Amino acid sequence: MTRFARWTALAAASALLLAGCSGGSSDDGKGGLSWDRCKATADGPAPSSDWQCATLKVPLDWSEPDGETVGLALIRAKARGDDRVGSLLFNFGGPGASGVSMMPSYAPTVSRLRERYDLVSWDPRGVGASEGVRCRGDKEIQAAESVDVTPDTPAEEKAYFKDAADFGKGCQKDAGKLMAHVSTADSARDMDRIREVLGDKKMHYFGISYGTELGGTYAHLFPKKVGRMTLDAVVDPGADAVGHAKNQARGFQRALNGYLESTGQDPAEGSRKIANLLRRVDARPLPAGTPGRKLTQALAATGILLPLYSKDSWPTLTSALDAAERGDGSELLALADGYNERDPSGRYGTTTHAQRVISCLDDRQRLTAATTKKLLPEFEKISPVFGTFLGWDTAGWCHDWPVPGQRDTPEVSAPGAAPVLVVGNTGDPATPYEGARRMADELGKGVGVMLTWRGEGHGAYGSGSDCVDSTVDAYLLDGTVPKDGKVCS
């Protein structure tokens, strides 16, 4: 079962960009790192010679610093200019997105920042080359696509929860001891070790989507170590698992309304039309031009959701919906495959596996089917298109999970920290704007500095606003903190 919506800023909207870090040297045993040229993997060629890779050993359990270790894969490109500030560490979200894979492809977006920073990212524990977790094989993943994620009958409900439990068992079998040590707090402590071995006195950081939750957690744990920190596409730190699902229902419905208005449709009527399409597909999946596969309701909804991450993709959604209305599910299936990281050979990525292992260790909430059913009318009112999917997800995502969750919401208060730039986009579908204001408030007075962009899509920096880009660049490059509440339109 794939989570219907995830927070990832870039992985949800891009193809698999897997630059190898296999074979990079380990830490040298003296607290430093030995960097080597990144190597190619079976999934893709090595990045250019600008990029170096290494592996850092950190404690499996931070309460036992001299115990077993986990290897973290790192990647960097050195600063081009002479007036170097330090390292700028990136996390691209998920949780579960591979920084090693994504940093080279994202580097052109932040090319100006490379004048004064080494660009650095890593695969958090349980992700990619950092002992990444794989919970089931490709054939099992494809078979699970037929599971109804909005069950209408007792039999469908039974199959839905059995699939969820089986997924957790697969994660436990693959991850072993690591399963209980992949929390956001664990990764925040890993970040401080990375800062230390990179030789930086302060943590300079750029977190996107879930990476904002990770950055806020770091600021809470290490407020005196915060340097220049930017949080973009901000996860609401005051929302529990149900709150996040409601936020996403609200955010994606807003984005869908904006899309429908852009095509001249009334949002309410257009949403009803799409909801009716999904109901028809639930009763009878559409042929999709691929032997052995059809467009199910879940795949159709996922295909609709993906283009909402970026306004540039809205024409693609129009074409796919038109084809589906004609009985052709191939375009929506292709979009869903992009979201689910399925390549043409039938291989699937594991971002969602890592995401589930991390988020179910973080989140304490474990909703029953009965509780979820009571919540469904509220979810459907928030979003007639996505509400049912996100409502059922609250019960299925961590159902019968092998390890208990740790907390209801992350603690991000950071008294005494340097100013943190919090960037919110009013049209963000995956991390609605309200979460940015909450993050700025919870970081604390004098710490959280709010920058608003009146735009569309997931994230603001690099999305076409010169105002946003220049404000963030001035902060990261020169330490110029904007006035709290600045608005870019």
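On a predicted model such as this, the values are computed, not experimentally measured, just so you know.
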Say whether [X] and [Y], considering side chains only, have a donor N or O and an acceptor N or O under 3.5 Å apart.
| X | Y | answer |
| --- | --- | --- |
| Asp186 | Ser183 | yes |
| Trp397 | Ser359 | yes |
| Tyr210 | Thr431 | no |
| Gln253 | Ser271 | yes |
| Thr368 | Thr371 | yes |

Report task. Not counting sequence neighbours, list each pair that qualifies as a ring-ring contact (aromatic ring centres under 6.0 Å, His included) and has a residue in residues 350-385. Result ->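 Non-adjacent pairs meeting ring-ring contact (aromatic ring centres under 6.0 Å, His included): Phe167-His353.
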Query raised in the report: What do the steps show when you test Arg272 against Glu269 for salt bridge (charged side-chain N to carboxylate O under 4.0 Å, His left out), and what is the final call?
Result: CA-CA 5 Å; Arg272 280 193 291 273; Glu269 180 57 35; 2.8 Å; yes
Query - Result of checking Thr452, Thr426, Asp428, Asn425 against Tyr433 for side-chain hydrogen bond (donor to acceptor under 3.5 Å, both in side chains) - result: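 Of all the options given, the one that passes is Thr452.
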Query - Test ring-ring contact (aromatic ring centres under 6.0 Å, His included) applied to Tyr205 - qualifying residues, sequence neighbours left out - result: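 So Tyr205 forms no ring-ring contact (aromatic ring centres under 6.0 Å, His included) with any residue.
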Requested in this report: Please name all residues satisfying ring-ring contact (aromatic ring centres under 6.0 Å, His included) with His220, sequence neighbours left out, ordered by chain then number.
Outcome: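 Listed in chain order: nothing, the list is empty.
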Query raised in the report: Can you list every side-chain hydrogen bond (donor to acceptor under 3.5 Å, both in side chains) pair that touches residues 461-470, not counting sequence neighbours?
Result: Tyr461-Asp473
Query raised in the report: Would a line drawn from the ring center of Phe206 to the ring center of Phe92 be shorter than 6.0 Å?
Result: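 No - the distance between ring centres of Phe206 and Phe92 does not fall below the 6.0 Å cut-off.
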Requested in this report: Give a yes or no on whether Arg454 atom CZ has more than 12 heavy-atom contacts from other residues, nucleotides or ligands under 6.0 Å away.
Outcome: no
Run the side chain to side chain contact (heavy atoms under 4.5 Å, CB included) test against [X] and tell me which residues pass, sequence neighbours left out.
| X | result |
| --- | --- |
| Gln365 | Asp240, Ala241, Val242, Leu367, Asp408 |
| Ala440 | Val422, Arg437, Met450 |
| Ala107 | Trp51, Leu119 |
| Pro267 | Asn257, Glu261 |

Query - Listed partners of Glu442 passing side chain to side chain donor-acceptor pair (under 3.5 Å), at least two apart - result: none
Could you list the residues that satisfy salt bridge (charged side-chain N to carboxylate O under 4.0 Å, His left out) with [X], not counting sequence neighbours?
| X | result |
| --- | --- |
| Glu131 | none |
| Asp138 | Arg134 |
| Asp190 | Arg125 |

Query raised in the report: Which atom pair, heavy atoms only, marks the closest approach of Gly396 to Arg356?
Result: O-NH2, 3.4 Å
